[in-house]
Amino acid sequence: MLNVIIAAADSAQRRALEELLQNESIALSAVTDSGGELLALLSRQMPDILLVGQELADRSGAELISALRGTPFLDPDASFVFSGGSAGSFQILLNTMAYRSGRELQLAPPELALCPTDVRGPVSYRQLVAEFLFSLGIPANVKGYRYLMWSLEQVRRDPELLNLLTKALYPMVGRRFKTKDGAAERAMRHTISTAFRQGNQTVWASYFPSCARGKKPTNGEFLAGAHEALGRMAEMARASK
């Protein structure tokens, strides 16, 4: 369960985030439009995620982050995101937030970032995966999402895993998430099946040609197609720098 605090002057932005935060994986701890009130809150509780608008009632988001420097909130175990944008963009942020591994600072996509692109650096591979899964309609609040996210990261490191799903990848997922190999396989299969049935078929077909004929991809086909698509997306991101 991720504990989240929202801080933003824009009431519409706060409402949009509150609506999107209504799922079993996320607990909304507090909502405020004041930087001063937020600092007081942070002195009493440590959220996992802080969603900060570009402007607060009494200061800018940049000023707030400066005020946080040197406080316990900037401990590496905490994460924060600069937010602002459409509901769809917010959902991408939440998808990224729902998958956290160890000590990592999660940052928003470039169009939502408070800091300029040359300051925040390149978009992470994990962010690309989050956007890819979001485009397919795969929600962040299911086990299969986390298993697919982690599996795609492992496949990126070792593509040979695509040929060793039963012997290597599923056991790795099982060890990582403390579940059985078969349970990991079923959760991934169910997530893919549900998203395919309920998602945008044109988007699915653009990544998986067999989907144009109404055929749901198997776990292996999904991971292989996603790996190839994400490789192209990563190359395009590098080329645009």
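When reading the values below, keep in mind they use all heavy atoms of this one structure, side chains included, and skip hydrogens, waters and symmetry mates.
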(request) Before accepting this row, confirm whether a basic side-chain N of the pair Glu153/Arg157 lies closer than 4.0 Å to the acidic partner's carboxylate O. (result)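 Salt bridge flag = no for Arg157 with Glu153.
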(request) Would you please classify the geometry between the Phe222 ring and the Phe208 ring as parallel, tilted or perpendicular, with 30° and 60° separating the classes? (result)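 Geometry flag for Phe222 against Phe208: parallel rings.
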(message) Please verify the inter-ring angle class for Phe177 with Trp150; under 30° counts as parallel, over 60° as perpendicular, anything in between as tilted.
(response)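 Phe177 and Trp150: perpendicular rings.
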(request) Check the surroundings of atom NZ in Lys215: do more than 12 heavy atoms from other residues, nucleotides or ligands lie under 6.0 Å from it? (result)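 Yes, enclosed.
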(message) For Lys216, I'd like to know if atom NZ has over 12 heavy atoms of other residues, nucleotides or ligands within 6.0 Å.
(response)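 Correct, the count exceeds 12.
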Decide yes or no for [X] and [Y]: does some side-chain heavy atom of the first lie under 4.5 Å from some side-chain heavy atom of the second?
X	Y	result
Tyr145	Pro139	no
Ser151	Tyr170	no
Leu165	Glu185	no

Any sub-3.5 Å donor-acceptor pair from [X]'s side-chain atoms to [Y]'s backbone N or O?
X	Y	value
Asp58	Gly36	yes
Gln201	Phe196	yes
Ser43	Ala40	yes

(request) Would you please test Leu169 and Tyr147 for side-chain contact (heavy atoms from CB on, under 4.5 Å) and show each step? (result) CA-CA 10 Å; Leu169 185 61; Tyr147 299 171; over 6 Å; no
(request) From the options Leu28, Val31, Leu38, select the one residue that forms a side chain to side chain contact (heavy atoms under 4.5 Å, CB included) with Ile5. (result)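 Of Leu28, Val31, Leu38, side chain to side chain contact (heavy atoms under 4.5 Å, CB included) with Ile5 is met by Leu38 alone.
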(request) Could you please spell out the steps behind the side-chain contact (heavy atoms from CB on, under 4.5 Å) verdict for Leu223 and Leu148? (result) CA-CA 8 Å; Leu223 291 170; Leu148 289 169; 4.1 Å; yes
(message) Apply side-chain contact (heavy atoms from CB on, under 4.5 Å) to residues Ser135 and Glu131 and explain how you reach the verdict.
(response) CA-CA 6 Å; Ser135 72; Glu131 294 180 10; over 6 Å; no
(request) May I ask you to check whether Phe132 and Tyr207 place their ring centres under 6.0 Å from each other? (result)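 Between Phe132 and Tyr207, which both carry aromatic rings, the centre distance is below 6.0 Å.
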